[in-house]
Number of protein chains: 2
Amino acid sequence: MRTPQELSTAFRAIGLKVTPQRQVLFSLLHQNDAHPSAEAIHLAASAVMPGISLRTVYQTLNDLVSMGELQQLQLTPGSARFDPNTTDHHHLVCDGCGEIRDVYVSGLADVDVCGLDGFRVAATDVVFRGSCPTCSSATGDPSAPHA
Amino acid sequence: MRTPQELSTAFRAIGLKVTPQRQVLFSLLHQNDAHPSAEAIHLAASAVMPGISLRTVYQTLNDLVSMGELQQLQLTPGSARFDPNTTDHHHLVCDGCGEIRDVYVSGLADVDVCGLDGFRVAATDVVFRGSCPTCSSATGDPSAPHA
DNA sequence: TTGCGAACCAACAATCGTTGCGAATACGGT
DNA sequence: ACCGTATTCGCAACGATTGTTGGTTCGCAA
Ligand SMILES: [Mn+2]
Ligand SMILES: [Mn+2]
Ligand SMILES: [Zn+2]
Ligand SMILES: [Zn+2]
């Protein structure tokens with residue numbers, strides 16, 4: 001996702017107005033690597049601008065997604081997550097706490113894929129599921145310090 | 001997923017009963033490679049057993065998932081898809097029609113993953129998104145025959 | 001500065017996918 | 001056949017997201 005300033009310009013360029021609400025959302029999303037849900041963004045926005053409506057948050061998130069500034073992820077059942085990181089990256093999902101982290105994968109082009117007869121691949125998403133360090137140490141860690 | 005017969009035995013072994021509804025679901029799911037939604041399964045089951053409730057379908061699907069006989073996939077927003085194929089495989093998702101197909105990937109162990117500091121990976125899911133042959137030929141196919 | 005139209009909000013209602021609940025029913029070990 | 005318990009099913013409720021409408025605010029181009 002581009003900077004709030006650049007997004008303001010981009011919004012105006014396509015006839016969308018740059019409102020205070022949208023500016024708050026721009027800055028909350030900029031370089032946000034937490035992969036927040038709409039609800040989480042609304043919560044954070046409410047701290048800065050009390051009264052901002054959840055409806056407006058969804059509206060703006062959808063705008064950003066269709067502009068290609070934001071990626072919408074559906075890695076688990078439940079609410080969608082939003083990702084301003086539009087570089088080529090993939091994700092770690094913690095089954096324990098639901099945290100999502102960025103991960104960078106190289107050598108993907110070398111894997112051998114069997115079964116795509118005629119299917120045209122536009123994007124490849126790799127999702128690693130498991131436990132984050134916090135959740136790992138909390139339970140069932142065979143490498144935990146003694147008893 | 002095992003055969004309906006084996007599932008019946010497995011259900012009884014853990015104190016679950018083998019009802020006609022469940023038997024219908026067992027046979028509809030066995031070797032089903034369509035990655036159906038709960039709704040789709042309910043529809044198919046209704047043809048065989050009119051009156052079977054959607055609630056029962058969800059109930060049994062959940063049982064099968066927690067027994068490890070069925071995989072639950074959430075590859076897009078919307079309804080979950082269920083997959084009796086428990087072999088090591090991955091998926092193609094058609095953005096056009098929503099079809100999901102199996103695909104087999106080898107050489108995944110050789111990719112270089114950067115950024116998993118302390119994260120414990122239990123499973124890796126690869127999702128290829130694009131267009132199936134049908135949807136490709138329908139629109140925007142640069143290799144389509146003439147006009 | 002003014003004016004048009006876009007965006008906002010509040011307050012709902014509605015949709016979709018899924019689960020909770022409770023009364024009636026049926027499986028299956030004895 | 002009997003009985004305890006699991007299962008079924010219909011309906012209500014849920015969480016996430018979107019539609020609507022009417023009144024107000026406000027960006028921004030002229
Ligand atoms: Mn990311
Ligand atoms: Mn599959
Ligand atoms: Zn965790
Ligand atoms: Zn298709």
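Throughout, protein chains are lettered first and strands after them, A, B, ... in sequence-line order, and every chain is numbered starting at 1. Note that the coordinates shown come from a computational prediction; the quantities given were computed from them, not determined experimentally.
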Q. Among T76(A), V93(A), I100(A), which one satisfies side chain to side chain contact (heavy atoms under 4.5 Å, CB included) with R81(A)?
A. I100(A)
Q | Pairing nucleotide - dA30(D), Watson-Crick or G-U, each distance under 3.5 Å | A | dT1(C)
Which atom pairs link the protein and nucleotides 13-17 of chain D when you take only N or O atoms and keep those under 3.5 Å?
| residue | atom | partner | partner atom | Å |
| --- | --- | --- | --- | --- |
| dT17(D) | OP1 | A80(A) | N | 2.9 |
| dT17(D) | OP2 | Y58(A) | OH | 2.2 |
| dT17(D) | O5' | Y58(A) | OH | 3.1 |

Q) Quick one: hydrophobic cluster around L43(B), which other residues, with the 4.5 Å side-chain cut-off, linked directly or via members? A) none
Q. Looking only at heavy atoms, which two atoms of A80(B) and Q72(B) are closest? And how far apart?
A. CB-NE2, 3.5 Å
Q) For dG28(C), does either OP1 or OP2 sit under 4.0 Å from a side-chain N or O belonging to R12(B)? A) yes
Q | Short side-chain N/O contact to dC8(C) OP1/OP2 from T19(A), under 4.0 Å | A | yes
Q: For P20(A), report the nucleic acid contact type (base, sugar-phosphate, nothing); a contact means any heavy atom under 4.0 Å.
A: sugar-phosphate
Q: Verify the contact: side-chain N or O of Q21(A) to OP1 or OP2 of dC9(C), cut-off strictly under 4.0 Å; return yes or no.
A: yes
Q.
Quick check on side chain to side chain contact (heavy atoms under 4.5 Å, CB included): which of R22(A), H30(A), Q23(A) does P4(A) satisfy it with?
A. H30(A)
Q.
Can you tell me how the ring of Y104(A) sits relative to the ring of H89(A), calling it parallel under 30°, perpendicular over 60° and tilted otherwise?
A. tilted
Distances under 3.5 Å between protein N/O atoms and the N/O atoms of nucleotides 4-6 of chain D, please, pair by pair.
| residue | atom | partner | partner atom | Å |
| --- | --- | --- | --- | --- |
| dG4(D) | N2 | K17(B) | NZ | 3.2 |
| dT5(D) | O2 | K17(B) | NZ | 3.0 |

Q. Going by atom types only, do N85(B) and D102(B) share a side-chain donor-acceptor pair under 3.5 Å?
A. yes
